[in-house]
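Remember, it's 1-based here, ligands and their atoms both numbered in the order they're listed. For clarity, every value in this text was computed on a predicted model and none was experimentally measured.
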Amino acid sequence: MNKKKTFFLKGAKIIDPVQDLEFFGNLLVRNGKIEQIGPDVIESEDIKVVDVSGLLVVPGLIDMHVHLREPGEEYKETIETGSMAAAAGGFTAIACMPNTNPPNDNSGITRFIKERARTSGKCKVLPVASITRGQKGQGLTEFGDLIDAGAVAFSDDGLPVSNPAVMRLALEYSLNFNTLIISHSEELALSADGAMNEGAVSTRLGLKGIPAAAEEIAVFRDIRLAELTGARIHIAHVSTAGSVEIIRQAKARGVRVTAETAPHYFSLTEKEVEGYNTLAKMNPPLRTERDRRAIIQGLQDGTLDAIATDHAPHSSLEKECEFQLAANGIIGLETSVAVGLETLVRQEGFTMAQLIRLMSSNPARILGISGGSLAPGMDADITVIDTEASFTPARDNLFSKSCNSPYLGRKFKGRPVLTILGGVPVFDKKGFF
Ligand SMILES: [Zn+2]
């Protein structure tokens with residue numbers, strides 16, 4: 001067991017969206033728990049003082065959509081390296097998707113993931129179990145068993161549940177456990193063999209496109225099924241303007257739907273694919289500027305509840321090849337804060353509190369886990385961000401085992417510099433401890 005720490009964070013700007021707090025002040029951690037926060041909390045002599053003046057102290061970030069690749073593809077990422085990448089990105093909790101090899105469709109694998117994460121000790125790892133056995137889209141998994149083992153939600157992510165009757169059954173079943181179904185919304189009959197967004201750019205490049213409708217039809221279907229069953233549905237990686245509008249209307253009529261998007265969908269467009277750049281290949285694909293604007297609007301007005309990275313490590317073997325053959329997905333854990341600061345805060349005028357709500361408080365609420373706040377009594381899961389630090393992601397400064405990122409070499413301003421998990425510093429860029 002890690003020894004819990006007692007210390008005093010001094011002179012930071014502290015933001016807690018849940019308590020609606022934003023002030024310059026101090027924070028006292030005792031035995032791994034937050035004991036006091038406020039402008040007037042006073043240090044006592046026997047406690048270690050950590051001077052974080054000029055920096056931002058926020059609740060530990062939570063990424064509800066990550067691929068850790070273990071078991072089965074440890075050459076891309078392991079639970080250990082993924083947890084370290086998460087800590088370096090400011091995350092104290094991540095939810096990992098079940099499409100490993102074998103997939104996480106039984107309690108043995110769920111327990112294995114929890115155990116590996118505990119040994120590495122860098123980040124809370126919350127397994128998402130598969131909805132169907134073997135992710136084959138047919139028979140349901142043992143939800144109760146998987147929840148007992150530590151599963152926090154259910155998804156066949158990587159693949160949709162194509163049969164609507166199976167999805168309906170899964171939603172009905174989820175009600176018995178008050179658990180969450182996460183929808184990877186994709187109509188495979190429309191997206192098959194597609195390599196990028198369908199439109200002018202795909203035509204010019206001679207690549208088969210994936211129409212926005214392939215996502216929107218599936219988003220609408222799963223929302224209607226949630227409405228039919230009264231169950232909760234969470235829409236993963238929203239990428240199109242049409243999906244945002246479908247979710248907005250569903251929320252307005254009271255459907256129990258939440259949704260996430262990823263940093264690449266609000267910062268990049270299909271233009272990145274020009275030159276057949278496989279680092280811009282993902283599923284769903286990067287869309288148009290109009291879609292990007294709609295995603296930002298959705299984040300602004302609360303239609304989209306969360307930012308999740310969809311961290312998807314692949315080796316250079318799977319990316320340095322013909323575009324059509326290249327694997328889908330990019331890593332995102334270590335660039336998410338930088339991209340959020342640049343696009344949402346600096347360009348679009350979001351407040352820091354809004355960004356932290358999208359990256360911590362809302363994911364905690366959706367997953368039904370503790371976290372996302374700095375209220376006294378909570379685990380001291382804390383992220384310290386230097387909004388002025390220069391940061392250029394590169395192969396040699398990322399902790400992930402893979403480096404498939406379209407942001408490599410791009411100059412950013414702002415990054416996490418200290419991540420504290422249960423009072424223990426797990427990432428300490430500047431040697432505070
Ligand atoms: Zn997915």
**Asked** For the side chain of N404 and the backbone of G329, is there at least one donor-acceptor N/O pair under 3.5 Å apart?
**Response** yes

**Prompt:** Is E77 reaching over with its side chain to a backbone N or O of K401, donor-acceptor style, under 3.5 angstrom?
**Reply:** yes

Got a list of side-chain donor-acceptor pairs under 3.5 Å for residues 192-215, not counting sequence neighbours?
| from | atom 1 | to | atom 2 | distance (Å) |
| --- | --- | --- | --- | --- |
| N197 | OD1 | R287 | NH1 | 2.9 |
| N197 | ND2 | E270 | OE1 | 2.8 |
| S202 | OG | N197 | O | 3.4 |
| S202 | OG | G199 | N | 3.0 |
| S202 | OG | G199 | O | 2.9 |
| T203 | OG1 | G199 | O | 2.9 |
| R204 | NH2 | E274 | OE2 | 2.6 |
| K208 | NZ | A192 | O | 3.1 |
| E215 | OE1 | S239 | OG | 2.6 |
| E215 | OE2 | S239 | N | 2.9 |
| E215 | OE2 | T240 | N | 3.4 |
| E215 | OE2 | S243 | OG | 2.8 |

**Count, waters excluded, of protein N, O or S atoms under 2.8 Å from the Zn ion (ligand 1)** = 3

**Request:** Inspect the surroundings of CZ in R346 and state if more than 12 heavy atoms from other residues, nucleotides or ligands are less than 6.0 Å away.
**Result:** yes

**Prompt:** What are the two closest non-hydrogen atoms of S130 and D156, and how far apart are they?
**Reply:** CB-OD1, 3.4 Å

**Prompt:** Which one of R415, R410, K413, K411 satisfies the salt bridge (Lys or Arg N to Asp or Glu O under 4.0 Å) criterion with E342?
**Reply:** R410

